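Only a predicted model underlies this, so the values are computations on that prediction, with no experimental measurement involved. Each ligand, and each atom within it, is numbered from 1 in the order the structure gives. The basis for the numbers below is simple: all heavy atoms, side chains too, and nothing from hydrogens, waters or symmetry mates.
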Amino acid sequence: MTSHDSVKNCAVKFTAYTAKDYKSELKPIWCPGCGDYSVAAALYRALAAIGRPPHEIALISGIGCSSRLPGYTTAYGFNSLHGRALPIAQGVKMASPELLVIVAGGDGDGFSIGGGHVPHAIRRNPDLTYLVMDNQVYGLTKGQVSPTSPRGTQSHASTFGSIEEPVNPLLYALAYGANFVAQAVPADLEGMTKIIEEAIRYPGFAFVNIQSPCVTFGDPENQAKVQKARMRNLQTEGHDVTNHLRAMELAEEYGTTLYTGIFYRNPQPPPTYGGQIVDRQQMLKAKTPIEALA
Ligand code: SF4
Ligand code: MG
């Protein structure tokens with residue numbers, strides 16, 4: 001573990017924070033019943049459990065309904081460009097490694113417009129937590145099919161149905177080597193809070209796919225009540241979170257079985273990008289300029 005990582009995972013509470021300390025005064029403009037309200041609530045609780053003060057946290061997002069999240073927190077926030085949350089977050093983390101950096105966005109932002117950034121963030125392993133609010137639709141732009149919409153999805157703006165296969169975000173993250181991969185649903189607020197907390201505490205890139213229902217344009221079969229009836233918790237079912245192959249098998253059921261919990265957690269977290277940068281800087285500092293060029 002590097003000095004950077006220890007900052008994120010510091011077990012010492014500086015003071016006692018409550019969920020309210022992370023909630024800004026800005027009133028969310030999400031539709032009533034949107035799953036993103038619960039995601040915000042879970043995030044506030046997870047941050048309170050971790051206990052870092054809001055000014056030591058940065059929340060970076062792209063564009064979309066869920067990307068409004070930074071404005072609803074008291075942390076530093078950057079509601080950036082469509083699909084560009086991950087590169088911006090990596091830059092923030094490199095420039096200010098002492099910050100706890102969380103990235104938030106939707107399925108379109110993360111797996112279509114920003115899809116090319118995900119594998120590179122995973123392979124670099126920066127110490128970031130990536131929360132994707134996956135509702136299988138573009139909500140902000142009024143209901144087009146998104147990269148995670150199942151084939152055949154008929155939506156408000158795609159009346160004849162999708163003719164494309166969906167991206168499987170869980171398999172995608174696992175296949176590219178993410179060391180922490182989990183899925184949560186707003187219908188299980190307590191479980192989602194714990195998963196977000198664990199993801200934030202994990203030293204390295206942690207990915208959480210949150211099946212956050214869009215009540216306005218989303219599939220009626222993927223709303224909170226239905227999710228509550230369908231969800232199956234991996235930990236309750238005894239899944240071994242260190243078994244990568246089994247995690248991939250379970251992830252293949254994305255879209256058919258609604259698993260919640262941790263799919264994979266590498267018990268031996270590899271070096272983070274930030275940690276390696278520090279090591280490289282120290283190695284170069286020990287050399288003369290001529291030696292460094294050799
Ligand atoms: Fe939420 Fe959908 Fe409304 Fe956007 S359009 S705020 S995702 S319910
Ligand atoms: Mg979406």
Side-chain angles (χ1 to χ4, degrees), residues 23-24 26-44 59-73 77 79-86 102-118 130-159 161-162 164-173 182-189 192 196 207-228 254-255 258 260:
K23 185 178 180 186
S24 76
L26 203 59
K27 198 170 157 16
I29 58 167
W30 292 315
C31 308
C34 175
D36 296 352
Y37 284 100
S38 299
V39 179
L43 179 63
Y44 303 144
L59 208 71
I60 315 297
S61 68
I63 293 292
C65 293
S66 53
S67 286
R68 297 186 192 278
L69 191 61
Y72 305 142
T73 77
N79 186 186
S80 72
L81 300 173
H82 211 182
R84 304 295 175 247
L86 277 173
I102 299 166
V103 193
D107 42 313
D109 193 71
F111 290 99
S112 184
I113 301 98
H117 294 298
V118 179
Y130 187 26
L131 307 177
V132 170
M133 280 151 270
D134 174 15
N135 53 17
Q136 295 97 40
V137 74
Y138 282 95
L140 188 71
T141 47
K142 308 275 181 277
Q144 296 86 354
V145 290
S146 86
T148 57
S149 303
R151 178 189 276 273
T153 296
Q154 289 177 299
S155 77
H156 184 72
S158 309
T159 48
S162 165
E164 298 171 345
E165 286 300 324
V167 168
N168 179 330
L170 297 164
L171 205 51
Y172 190 106
Q183 183 160 260
V185 288
D188 175 14
L189 184 61
M192 179 161 61
I196 293 175
F207 172 68
V208 184
N209 198 61
I210 302 172
Q211 297 258 356
S212 178
C214 172
V215 293
T216 305
F217 302 110
D219 183 350
E221 288 305 306
N222 203 19
Q223 302 299 321
K225 261 193 186 163
V226 184
Q227 286 186 344
K228 201 160 193 164
Y254 172 84
L258 181 58
T260 63

Exercise. For the Mg ion (ligand 2), what is the closest N, O or S atom on Asp107?
Worked result: OD1
For this session: Output yes if Ser146 passes the N/O/S-under-2.8 Å test against the Mg ion (ligand 2); output no otherwise.
Result: no
Exercise. Can you tell me the protein heavy atom closest to atom 8 (S) of ligand 1 and the distance?
Worked result: Val215 N, 3.4 Å
Exercise. Side chains of Thr148 and Asp134: is there a donor and an acceptor less than 3.5 Å apart?
Worked result: yes
For this session: State whether Val137 contributes an N/O/S atom found under 2.8 Å from the Mg ion (ligand 2).
Result: yes
Exercise. Would you find a donor on one side and an acceptor on the other, under 3.5 Å apart, between the side chain of Ser158 and the backbone of Gly161?
Worked result: no
For this session: Kindly assign one of parallel, tilted or perpendicular to the pair Phe207 and Tyr130, based on the angle between their ring planes and the thresholds 30° and 60°.
Result: tilted
Problem set entry | Flag side-chain contact, heavy atom, 4.5 Å: Gln227 against Pro213 | yes
Problem set entry | Side-chain (Ser67) to main-chain (Gly62) donor-acceptor, under 3.5 angstrom | yes
Problem set entry | Of Asn135, Asn222, Asp36, Asp107, the residue whose pairing with Ser212 passes side-chain hydrogen bond (donor to acceptor under 3.5 Å, both in side chains) | Asp36
Seminar exercise, completed: For atom 4 (Fe) of ligand 1 the protein N, O or S atom count under 2.8 Å stands at 1
Exercise. Is it the case that Tyr138 and Asp109 place a side-chain donor and acceptor less than 3.5 Å from each other?
Worked result: no
Problem set entry | Pairwise side-chain contact, Val132 with Val208, heavy-atom cut-off 4.5 Å (strictly under) | no
